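Just so we're on the same page: letters track the sequence lines, and every chain starts at 1. Side chains included, hydrogens not; waters and symmetry mates left out as well; all remaining heavy atoms used. This is a predicted model, so every value here is computed, not measured.
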Number of protein chains: 2
Amino acid sequence: MLSRSRIVDAAVDLIEREGADAVSMRRIAAGLGVGVMSLYNHVPNKAALLDAISESVLSKIEFTDDPSAHWTDRVRVQARAFRQIAHHYPRSTMVVFSRQLHSTAGLLPVERALSTLRDAGFEGSEAVRMLRMFVAYIVGSLLREVGVTPTFAPVRGDATTVDVDPALFPEVSSLAPYLTSCDHDEEFEFGLELLVQAMSVRAGKQAGRRSARG
Amino acid sequence: MLSRSRIVDAAVDLIEREGADAVSMRRIAAGLGVGVMSLYNHVPNKAALLDAISESVLSKIEFTDDPSAHWTDRVRVQARAFRQIAHHYPRSTMVVFSRQLHSTAGLLPVERALSTLRDAGFEGSEAVRMLRMFVAYIVGSLLREVGVTPTFAPVRGDATTVDVDPALFPEVSSLAPYLTSCDHDEEFEFGLELLVQAMSVRAGKQAGRRSARG
DNA sequence: GTTGACGGACGTACAGCGTACGTGCCAGTC
DNA sequence: GACTGGCACGTACGCTGTACGTCCGTCAAC
């Protein structure tokens, strides 16, 4: 029996195997051994299916939040949880990023994050701003890692040959070795640590007089 | 007479007017008062055209770098220049973000940024890491602003009504006013300032004695 | 002036797309 | 038995990208 979740799962599989461009209602139906129009009994249209895919991927984020841990560690854990799911479904993640979702699938992560930020001493608009900044960094990082967007390492994939004019681009040329290679894990952790430290400073300023929560 | 740049310009116009989904070779040709296949005399295929669009948009970034200014201000200026062009071509920016570009169109910004980072005291891999982190933040922010990706304000557009269960999501519920509204300018500047400050701290550590910004 | 070559504009054609619409099968309820 | 509603499915339409062939204007060589 066909069902919405079976369709979504098949679509995610197809995306991961052959890329987002390969996704068509016909291909999904064929993968399920089913007629094309049968899908429309469970999904109103393709756009809604893509939204459902986004929701499905987002809901797979594992948030094992430990309220007793220090808030900085909780921030790290949550950021990595986000990243891990993106690595597990890289091509579907691109679909998520390319769609505006109005669902509540992302509510739980937001709730957890805000709770953590409150423990860090951020209140009101400051907490929301911190959250948005963090999400921006994570999304931007994942967009680079997933490979669809700018590693801004504009040299050839072959790390040995660099076809950049040193006279025109001295910095790019001299830093070419670092620009061509990219250890995504290190890169992500570097930015994460920087942000956490920046948040710590800000938290100290804000909560300076008042007592921070344990 | 048809030309590659005329085609690209027409495509960008079409994207901005009617969205990326509306872009088809036929529509572009019609907009130019030209037959569909004529386009293929100047562009090998649609994918290449989209790449050309990305390149065109990126090349429009205005970098009026002032080497005499403090590096923190130069960072700010460069970040805002990036953002400004994204605001000028919001829908085309999404096309840029959704494509992996191997062109050298983004080289000049990278060169300027690395030069600025060098002045800040960052060398080698540290400079590249800083650049990548900054780009990640900017890209993530723009992705939110351009509206295609998660403002993570999962409540309704109507700011007065919030359909979130306060029992299940107390933080989201209590911060709803801040989550529903989003002043993109303030939001961007907030994260920008946080990053610049974080970089200042790091620069101080790395370069030893250096004038901190007041 | 004639001829030949060539590049660009264009029409036709084909496979694939999303999906509106209609048809038929089957389970459940009077 | 008749009726109803949900689901699987086929057909069909208008759209897409683009391979291929054709036509025409320009220019060089004779």
Side-chain angles (χ1 to χ4, degrees), chain A residues 1-57 91-92 94-103 148, chain B residues 1-57 91-92 94-103 148:
Chain A
M1 183 69 165
L2 210 50
S3 76
R4 181 184 161 99
S5 68
R6 285 224 309 143
I7 294 174
V8 170
D9 290 348
V12 171
D13 280 356
L14 180 58
I15 291 177
E16 293 307 326
R17 280 204 321 274
E18 306 197 28
D21 290 347
V23 171
S24 77
M25 301 303 272
R26 283 172 171 81
R27 299 274 272 115
I28 295 171
L32 288 165
V34 137
V36 195
M37 295 315 290
S38 307
L39 303 179
Y40 286 87
N41 288 321
H42 305 270
V43 164
N45 52 47
K46 189 184 181 182
L49 174 56
L50 292 178
D51 286 343
I53 290 173
S54 297
E55 199 166 337
S56 167
V57 171
R91 297 171 135 164
S92 303
M94 281 312 300
V95 174
V96 175
F97 287 164
S98 68
R99 306 200 60 78
Q100 189 165 11
L101 49 154
H102 299 288
S103 83
V148 189
Chain B
M1 180 70 162
L2 211 48
S3 76
R4 181 183 161 99
S5 68
R6 285 224 308 142
I7 294 174
V8 170
D9 290 349
V12 170
D13 280 356
L14 180 58
I15 291 177
E16 293 307 324
R17 281 204 320 274
E18 306 198 27
D21 289 348
V23 170
S24 77
M25 300 303 272
R26 282 173 172 81
R27 293 291 307 272
I28 295 171
L32 287 164
V34 136
V36 194
M37 295 315 290
S38 307
L39 303 178
Y40 286 87
N41 289 320
H42 305 270
V43 164
N45 52 48
K46 189 184 181 181
L49 174 56
L50 292 178
D51 286 342
I53 291 172
S54 298
E55 199 165 336
S56 168
V57 170
R91 297 170 135 164
S92 303
M94 281 311 301
V95 174
V96 175
F97 287 165
S98 69
R99 305 199 62 77
Q100 187 165 13
L101 49 153
H102 299 286
S103 84
V148 189

| field | Side chain of B:M1 - closest among D:dT18, C:dG18, C:dA9 | value | C:dA9
| Once you round it to whole Å, what is the distance between P of C:dG8 and CG of B:L32? | 16 Å
| request: Would you mind reading off the distance between B:L49 atom CG and D:dT16 atom C1', rounded to a whole angstrom? | output: 15 Å
| Considering all heavy atoms of both residues, which atom of B:V8 and which atom of B:I53 are nearest to each other, and what is their separation? | CG1-CA, 4.1 Å
| note | Scanning both residues in full, the closest heavy-atom pair of B:R99 with B:S54 reads CD-OG, 4.1 Å
| Does any N or O in the side chain of A:R6 come within less than 3.5 Å of the main-chain N or O of A:M1, such that one atom is a donor and the other an acceptor? | yes
| remark: d(B:L2 CG, B:S5 OG) to nearest 0.5 Å is 9.5 Å
| remark: Atom CE of A:M25 and atom C1' of D:dG10 are separated, to the nearest Å, by 16 Å
| query | What's the CZ-C1' distance between B:R4 and C:dG8, to the nearest Å? | reply | 17 Å
| request: Establish, with yes or no, whether the OP1 or OP2 oxygen of C:dC17 is under 4.0 angstrom from a side-chain nitrogen or oxygen of A:S24. | output: yes
| message | Measuring from the side chain of B:H42 (C-beta onward, heavy atoms only), which nucleotide among C:dG8, C:dC17, C:dT12 has the closest atom? | response | C:dG8
| remark: Whole-Å distance, A:K46 NZ to D:dT16 C1', equals 12 Å
| field | Integer-rounded Å distance: C:dT19 P and A:I7 CD1 | value | 13 Å
| query | What does A:V36 touch in the nucleic acid at a heavy-atom separation under 4.0 angstrom: a base, only the sugar-phosphate, or nothing? | reply | base
| For B:N45 and D:dT16, what is the distance between atoms CG and C1' respectively, to the nearest whole Å? | 14 Å
| request: Kindly give the heavy-atom pair with the smallest separation between B:V95 and B:S98, and that separation in Å. | output: O-OG, 2.9 Å
| remark: 5'-most contact on DNA chain D (nearest-nucleotide basis), A:G33 vs A:R26, goes to A:G33
| query | For the pair made of OH in A:Y40 and P in C:dG22, what is the distance, rounded to whole Å? | reply | 17 Å
| field | Shortest side-chain distance from A:N41, nucleotide among C:dC21, C:dG18, D:dA8 | value | D:dA8
| field | Nucleotide nearest A:M37 (side chain, heavy atoms from C-beta), chosen from D:dT16, C:dC21, C:dG18 | value | C:dC21
| Can a side chain N or O of B:S38 be found less than 4.0 Å away from OP1 or OP2 on C:dC10? | yes
| query | Choosing from D:dT18, C:dA9, C:dG18, which nucleotide comes nearest the side chain of B:L2? | reply | C:dA9
| said: Base of D:dT16, side chain of B:R27 - is there a donor-acceptor contact under 3.5 Å? | reply: no
